[in-house]
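Per chain, numbering begins at 1; letters A, B, ... match sequence-line order.
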Protein chains: 2
Amino acid sequence: MKVETMNNIKTTLKVVCGKWKGIILIELFDDSLRFSEIKKRIPEIHHQTLIKQLKELEEDQLISRYEHAVVPPKVEYSITEYGRSIFPLLKEMEQWGKHHRVNVE
Amino acid sequence: MKVETMNNIKTTLKVVCGKWKGIILIELFDDSLRFSEIKKRIPEIHHQTLIKQLKELEEDQLISRYEHAVVPPKVEYSITEYGRSIFPLLKEMEQWGKHHRVNVE
DNA sequence: CTGGATCCAATTTGATACTG
DNA sequence: CAGTATCAAATTGGATCCAG
């Protein structure tokens with residue numbers, strides 16, 4: 001296989017393969033959400049873990065973060081165009097998982 | 001988000017998100033290969049790691065393993081229909097990575 | 001409300017040695 | 001040649017505590 005092909009796949013893996021990243025992106029697809037709202041929609045994710053994954057997604061520029069200058073803090077996360085471009089892939093992942101359920105224990 | 005959607009995605013993540021799994025599957029797509037041939041095509045992967053990932057892929061039934069009864073041993077790995085069904089996803093991953101290169105350092 | 005700083009446990013990957 | 005067994009290293013997710 002060409003090295004480039006491998007790197008392309010690695011790039012994608014890096015971006016979507018956090019345990020929750022795909023799920024976060026899907027949540028953000030329709031609306032911007034603030035931190036607490038995301039938390040509410042994905043209750044199983046730990047507070048701190050969510051912070052980390054959001055940060056990574058932001059670093060990879062899949063989402064953007066807007067901090068309202070208010071007290072108490074209000075921060076909104078929204079998907080970027082770049083992030084949006086990965087949506088077909090997420091959909092395909094969902095479809096495949098749907099038809100090919102493996103033992104997810 | 002529906003719990004089911006989440007589980008579908010998790011299923012897919014579980015299957016393709018090993019560091020090398022997608023790459024192994026692509027290599028096997030065209031031909032069955034024996035262990036040493038896979039190793040040759042993906043030199044960066046460590047012997048031991050390859051064994052493990054192949055074993056997991058086999059457990060998830062994405063590939064099958066045929067052991068020829070000869071000395072020295074000869075083992076062939078081939079992709080299953082089930083494994084084949086994930087190919088569009090891999091292609092999409094490759095495409096996305098191609099157009100959206102992130103710092104893979 | 002949001003998130004930084006730490007530490008820890010679990011998982012994953014890689015290294016080394018040995019076997020039929 | 002292919003694989004097992006074991007261990008070490010690295011990465012990741014999660015828990016707890018603290019702060020503006």
Side-chain angles (χ1 to χ4, degrees), chain A residues 6 9-25 27-28 32-60 63-78 102-105, chain B residues 6-7 9-25 27-28 32-60 62-78 102-105:
Chain A
M6 276 189 33
I9 292 184
K10 284 185 186 176
T11 298
T12 308
L13 283 176
K14 179 169 180 295
V15 168
V16 279
C17 283
K19 186 165 173 188
W20 301 99
K21 289 189 184 171
I23 291 166
I24 295 171
L25 288 172
E27 290 295 355
L28 288 176
S32 298
L33 295 174
R34 44 190 308 197
F35 184 85
S36 52
E37 291 169 328
I38 301 176
K39 184 77 186 67
K40 204 178 303 168
R41 299 187 185 207
I42 318 177
E44 305 98 305
I45 190 171
H46 193 275
H47 180 80
Q48 202 50 238
T49 308
L50 179 54
I51 288 177
K52 277 184 204 166
Q53 307 246 328
L54 285 170
K55 202 168 180 181
E56 287 175 25
L57 285 170
E58 194 198 351
E59 276 162 10
D60 288 337
I63 64 177
S64 61
R65 180 176 177 281
Y66 178 64
E67 196 169 337
H68 295 261
V70 295
V71 181
K74 172 174 172 180
V75 180
E76 266 189 60
Y77 292 92
S78 49
V102 188
N103 45 324
V104 200
E105 96 272 17
Chain B
M6 276 189 32
N7 285 336
I9 292 185
K10 284 186 186 174
T11 298
T12 308
L13 282 176
K14 179 169 180 296
V15 168
V16 278
C17 282
K19 187 165 172 188
W20 302 99
K21 287 188 185 173
I23 292 167
I24 294 172
L25 288 172
E27 289 296 354
L28 288 177
S32 297
L33 294 174
R34 44 193 304 199
F35 184 86
S36 53
E37 289 170 329
I38 301 176
K39 184 77 187 67
K40 205 179 298 168
R41 298 187 186 206
I42 318 177
E44 305 99 306
I45 190 172
H46 193 275
H47 179 80
Q48 202 50 239
T49 308
L50 179 54
I51 287 177
K52 279 186 204 163
Q53 307 246 330
L54 285 172
K55 204 167 178 179
E56 287 175 26
L57 286 170
E58 194 198 350
E59 276 161 12
D60 289 336
L62 293 163
I63 63 175
S64 61
R65 180 176 176 282
Y66 178 65
E67 195 170 337
H68 296 261
V70 297
V71 181
K74 173 174 172 179
V75 179
E76 265 189 61
Y77 293 92
S78 49
V102 187
N103 44 324
V104 201
E105 94 273 17

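Proximity of B:Tyr77 to the phosphate of D:dG3: a side-chain N or O atom is located under 4.0 Å from OP1 or OP2. At the phosphate of D:dG3, OP1 or OP2 sits under 4.0 Å from a side-chain N or O atom of B:Arg65. In this model, the phosphate group of D:dA2 is approached by a side-chain N or O of B:Arg34 to a distance below 4.0 Å at OP1 or OP2.
The distance between atom CD1 of B:Ile51 and atom P of C:dT12, rounded to the nearest whole Å, is 17 Å. One atom, CD1 of B:Ile23, and another, P of C:dT13, lie 12 Å apart when rounded to the nearest Å. Atom-to-atom, NZ of B:Lys74 to C1' of D:dA2 comes out at 13 Å; the value is rounded to the nearest Å. In this structure, the CD atom of A:Glu58 is 9 Å from the P atom of C:dG3, given to the nearest Å. Residue A:Glu37 contributes atom CD, which lies 12 Å from atom C1' of C:dC1 at whole-angstrom precision. Remark: C1' of C:dG3 and CD of A:Glu76 are 17 Å apart, rounded to the nearest angstrom. Protein atom CG of B:Leu54 is 11 Å distant from nucleotide atom P of D:dT4, rounded to whole Å. Atom OH in A:Tyr66 sits about 15 Å away from atom P in C:dT2, given to the nearest Å.
The nearest pair of heavy atoms linking B:Leu13 to A:Val16 is CD2-O, 3.8 Å. A pairwise comparison of heavy atoms in B:Lys19 and B:Ile23 identifies O-CD1, 4.4 Å as the closest pair. The minimum heavy-atom distance between A:Gln53 and A:Trp20, with the atom names listed, is OE1-N, 3.4 Å. Residues A:Glu76 and A:Ser32 approach most closely at OE1-CB, 3.3 Å, considering heavy atoms. A pairwise comparison of heavy atoms in A:Leu57 and A:Lys21 identifies CD2-CD, 3.8 Å as the closest pair. Contact detail for A:Tyr77 and A:Ile63: the closest heavy-atom pair is CD2-CD1, 3.9 Å.
Rounded to 10 degrees, the angle separating the terminal helix axes of the helix from C:dC1-D:dG20 to C:dG20-D:dC1, each built from five base pairs, is 40°.
Comparing D:dA2, C:dG3, D:dT4 by their closest approach to the side chain of B:Lys55 singles out D:dT4.
Taking CG from A:Asp60 and NZ from A:Lys55, the interatomic distance works out to 13.0 Å, rounded to the nearest 0.5 Å. Rounding to the nearest 0.5 Å gives a distance of 11.0 Å between CD1 of B:Ile24 and CG of B:Leu62.
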Give every donor-acceptor pair under 3.5 Å between a side-chain atom in residues 41-50 of chain B and any protein atom, sequence neighbours left out.
residue	atom	partner	partner atom	Å
B:His46	ND1	B:Gln48	N	3.1

Exercise. Would you give a per-nucleotide map of nucleotides 11-20 of chain D, 5' to 3', where B means the base has a protein non-hydrogen atom under 4.0 Å away, S means only the sugar-phosphate does, and - means neither?
Key: --BBBB---B
